[in-house]
Structure formats: structure tokens, C-alpha cells
Amino acid sequence: MSGVTSMQSQQMPAVICFIVTALFSGAAAAQGLSADTAVLSLGLIVVGALAVYVAMQIRSALRSDIDRR
């Protein structure tokens, strides 16, 4: 099981880079970056980061609960 966990943790930076690239690809293609687009992009990045954090916390809590049994 630890081999799978380490592989998932090694893939996490690649997934984060992909998400950031996907969020900013539309803004980069635009002629100008308006303030509304920047705020929306930043908000989506924050929401994505919080979602990853919550998923990691839930996974850790479930793993520790299973290990106790």
C-alpha cells in the first residue's frame, strides 16, 4: 500500500501544475488580462487548493481510523 501512496504523492505536483495551466490558458490567450479575470482566476486557484487540502485531510483521517481497527 505504501508504494501506491508514494506514487500518488509524486504525481500531486504534476496535477497542480496541470490545474493552474488549465485555469490560466484562457487568460493567456486573451489580448488583455482584466481585473475581473484575474480575481476569478485567483478565486478558482484558492478553491482548488482548499479542495485538495480537504481531500488530503479526509484521506488522512480515514487512513488513521482504519489503522486503529
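All figures in this text were calculated on a predicted structure; none of them were measured in a lab.
- By the salt bridge (charged side-chain N to carboxylate O under 4.0 Å, His left out) test, Asp67 is found to be paired with no residue, residues two or more places apart in sequence or in another chain being considered.
- Criterion: ILVMFWY side-chain heavy atoms under 4.5 Å apart, direct or through other members. Under it, Val46 and Val54 are not part of a common hydrophobic cluster.
- Put simply, CZ on Arg63 and CE on Met56 are 10.5 Å apart, with the number rounded to the nearest 0.5 Å.
- Distance CD1/Ile45 to CG/Leu40: 10.0 Å, rounded to 0.5 Å.
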